[in-house]
Each structure stands twice: as C-alpha cells, then as structure tokens.
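From a predicted model like this one, the values you see are computed outputs, not experimental measurements.
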Amino acid sequence: ATGPPLKSFLFDVEGTDAGSQAFFAVYADQVIRALDHVAMTFSGLRLHNRVALVMPDQSFRDGLRPVLEAALESRCGRRLRLVGAELASADLGPAAAEGDAGDRGGDSDEDACDAEVGEVGDDRDWIVFDTIHQLDGLERLVVVGVGLDSVITGEAASAAADAAPGVATLETRSMLYRAVTRAHLMVVVVNEFLRGGWLEFLGSVRLRRDEAFDSDAALRRSEVQAVEGVVKTEISKRIAVAAAARGVALGPAALSALVVAVAGEQERGQAAD
C-alpha cells in the first residue's frame with residue numbers, strides 16, 4: 001500500500017558551531033515542527049510510543065536531548081516525554097505500568113533520557129528518542145530521522161572522513177535506509193542542508209520515463225546495497241584498527257582498495273587475514 005510521501009525539514013545552521021547549544025536549538029525547533037506535522041496528519045491519534053526520533057550517534061543524541069526537552073516543556077499543551085528504545089520496547093501498556101513502574105524506575109541501566117519515566121499518574125506520551133543503531137530490529141508507526149545526512153562528495157567529504165569517501169557514502173545511505181524501513185505509516189527527515197550531502201543528491205533524482213518502474217527489482221537493489229554499506233563500513237573500521245595497531249598509516253585510497261578486496265574475498269567465501 002502507498003502511504004504519505006516522505007516529508008523533509010531542511011534548514012540552514014549558518015552562524016552556529018556544530019555540536020553547540022545554538023546548533024542543537026535550531027534542530028530542536030525543527031524537530032518540534034516535524035512532530036506538529038505528524039500530529040496534524042494523524043489528528044486524533046495518540047502519539048504514545050508510536051513515534052521514533054532517530055539520530056546518527058550517541059553524541060548527537062546526548063547533545064540534542066536537553067535542548068529538545070526544554071523546548072518541549074516550554075510549548076503550551078505539549079505533553080511528551082523522550083524515552084530510550086530499550087525502555088519503550090519494554091512498555092506493556094497502562095495496566096502493566098501500574099504494577100511494575102517502581103521496578104522500572106530503579107533500573108541501573110536507565111540513562112538520563114529515561115529517568116522518572118513510567119511513574120504511575122504520568123500520562124505524557126512517550127516519544128522514542130535514540131540512535132539509529134538502537135532502533136535496528138524495531139519499528140514504529142512514524143519515524144523521524146534527525147541529522148542522518150552527511151557530506152558524501154567533494155573536498156569536504158575527503159577531509160572529514162577517516163575512511164574512504166565511498167565507505168562514508170554507504171554508511172550515510174545505510175542510516176537513511178534503515179530509518180525509512182523502521183516506519184509503518186510515515187517517514188520525516190529533519191536535517192541541516194548540506195552541500196554535497198546525500199539528501200541534496202536525492203533531490204535531483206528523477207524516475208526514467210522510457211521504461212516502467214519495477215518496484216520489486218528496486219527494493220531488492222536497495223536491500224542489497226544497504227547490506228553492502230553496513231558490511232563495508234565494518235570492514236573499514238577493522239582494517240583501520242589493525243593498521244593503527246601495527247603502526248601503518250593508510251591513506252583514503254589505500255583503505256578503499258583494501259575494503260573492496262576484503263569484501264570480494266568474503267563474497268567468494270574466502271577468509272581474509
């Protein structure tokens with residue numbers, strides 16, 4: 001079945017330093033706009049544990065969380081609580097919450113995002129708030145991908161990436177693909193506009209009119225490419241660690257060549273040392 005089209009909130013962050021409070025304040029404002037869009041699209045639907053905000057890594061998540069929580073608190077009528085994927089997955093409904101809320105509140109592995117969540121009488125809607133890696137294997141009705149794009153072309157990509165540019169491209173594609181496949185009804189993208197980013201590239205993609213679109217074939221290609229991206233990223237990390245342990249400096253071109261060679265060996269069923 002065909003659902004609502006992907007909705008994007010792309011914006012400029014000029015004048016702010018990446019990772020600063022001002023930087024995350026811009027993101028927080030756009031995330032709230034995205035949540036408002038979801039609420040208006042599905043008016044009358046309670047958002048409790050049905051919406052996931054997914055981020056690229058723990059550093060981004062921890063930087064955005066306090067700023068977004070403060071912004072949500074300041075908005076009149078906004079009754080939302082950010083929770084981690086692990087706690088959200090353990091939610092068994094209102095009846096279960098009354099019976100074991102005290103036990104959950106004392107779990108030693110809860111992070112600050114989850115503190116005091118699940119108390120009896122707390123009727124705020126839970127919004128899953130975690131990294132894309134924590135959402136692997138999980139699904140929600142609506143997924144909002146926050147900050148998942150990165151520069152994949154040009155000199156900026158080469159300078160920013162420790163690995164080969166091609167591997168970084170596959171990792172970005174993998175994160176966006178995984179965010180899309182976590183959603184049942186709607187996907188929303190919230191991201192600063194990046195010159196040379198993957199989202200900029202997708203904005204220029206058009207379907208060919210000289211042949212019919214084969215959705216099954218396209219889906220198979222996407223799945224294969226996403227898996228290849230994850231595998232090559234992991235291979236790149238392991239090669240870089242092994243090289244560093246031996247005091248060997250690998251440039252981007254050498255690392256890229258090694259990744260391709262090792263991936264080829266694995267595809268042929270041969271173990272690579």
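- Take D57 and apply the salt bridge (charged side-chain N to carboxylate O under 4.0 Å, His left out) test, not counting sequence neighbours, and it matches no residue.
- Residues P56 and I132 come closest through the heavy atom pair O-CG2, 4.1 Å.
- Minimum interatomic distance between A179 and V143 (heavy atoms only, all atoms of both residues): O-CG1, 3.5 Å.
- Under a cut-off of 6.0 angstrom, the local environment of CD in Q58 is sparse, with at most 12 non-hydrogen atoms contributed by other residues, nucleotides or ligands.
- Using a 4.5 Å heavy-atom threshold, the side chains of H37 and M186 count as touching.
- Put simply, the side chain of D130 never gets that close to the backbone of G84: no donor and acceptor are under 3.5 Å apart.
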Would R50 and H184 satisfy side-chain contact (heavy atoms from CB on, under 4.5 Å), going step by step from the backbone distance to the final call? CA-CA 10 Å; R50 289 171 169 156; H184 288 181; over 6 Å; no
Show, in sequence, the C-alpha distance, side-chain angles and deciding distance for V146 and N191, and conclude whether the side-chain contact (heavy atoms from CB on, under 4.5 Å) test is met. CA-CA 6 Å; V146 184; N191 216 102; over 6 Å; no
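- The residues R65 and E69 are annotated as not salt-bridged, no charged nitrogen and carboxylate oxygen being separated by less than 4.0 angstrom.
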Begin with the C-alpha distance, continue with both residues' side-chain angles, and end with the deciding distance and a verdict on side-chain contact (heavy atoms from CB on, under 4.5 Å) for V51 and W126. CA-CA 8 Å; V51 179; W126 290 7; over 6 Å; no
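- Closest approach of V67 and G63 over heavy atoms only: CG2-O, 3.8 Å.
- Taken from CG in L87 to CZ in R81, the straight-line distance is 10.5 Å, to the nearest 0.5 Å.
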Could you give the side-chain donor-acceptor pairs of residues 7-23 under 3.5 Å, partners two or more places apart or in another chain?
unit_1 : atom_1 : unit_2 : atom_2 : d
T16    : OG1    : V13    : O      : 2.7
S20    : OG     : D17    : O      : 2.6
S20    : OG     : F23    : N      : 3.2

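- Residues V26 and L64 share a single hydrophobic cluster, defined by chaining ILVMFWY side chains whose heavy atoms lie under 4.5 Å apart.
- Under a hydrophobic clustering in which Ile, Leu, Val, Met, Phe, Trp and Tyr are joined whenever their side-chain heavy atoms come within less than 4.5 Å, directly or via other members, M55 and Y177 fall into different clusters.
- Residues L135 and V128 are in side-chain contact: their nearest non-hydrogen atoms beyond the backbone lie under 4.5 Å apart.
- In this structure the side chain of V31 never reaches within 4.5 angstrom of the side chain of V144, judged on heavy atoms.
- Using a 3.5 Å distance cut-off with no hydrogens or angles, the side chains of H133 and R178 do pair a donor with an acceptor.
- Note: the hydrophobic cluster containing Y27 does not contain F193 (ILVMFWY, side chain heavy atoms under 4.5 Å, direct or indirect links).
- Contact of the T131 side chain with the V54 side chain is not registered, since no non-hydrogen atoms from C-beta on lie closer than 4.5 Å.
- In this structure, the side chains of V259 and T233 stay at 4.5 Å or more apart for every pair of heavy atoms.
- A chain of hydrophobic side-chain contacts below 4.5 Å, direct or via other Ile, Leu, Val, Met, Phe, Trp or Tyr residues, connects F60 to V188.
- The pair R46-D125 meets the salt-bridge criterion, with a side-chain N (NZ, NE, NH1 or NH2) lying under 4.0 Å from an Asp/Glu carboxylate O.
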Verify side-chain contact (heavy atoms from CB on, under 4.5 Å) between R140 and R182, making sure each step is shown before the conclusion. CA-CA 6 Å; R140 287 298 183 272; R182 299 307 95 200; over 6 Å; no
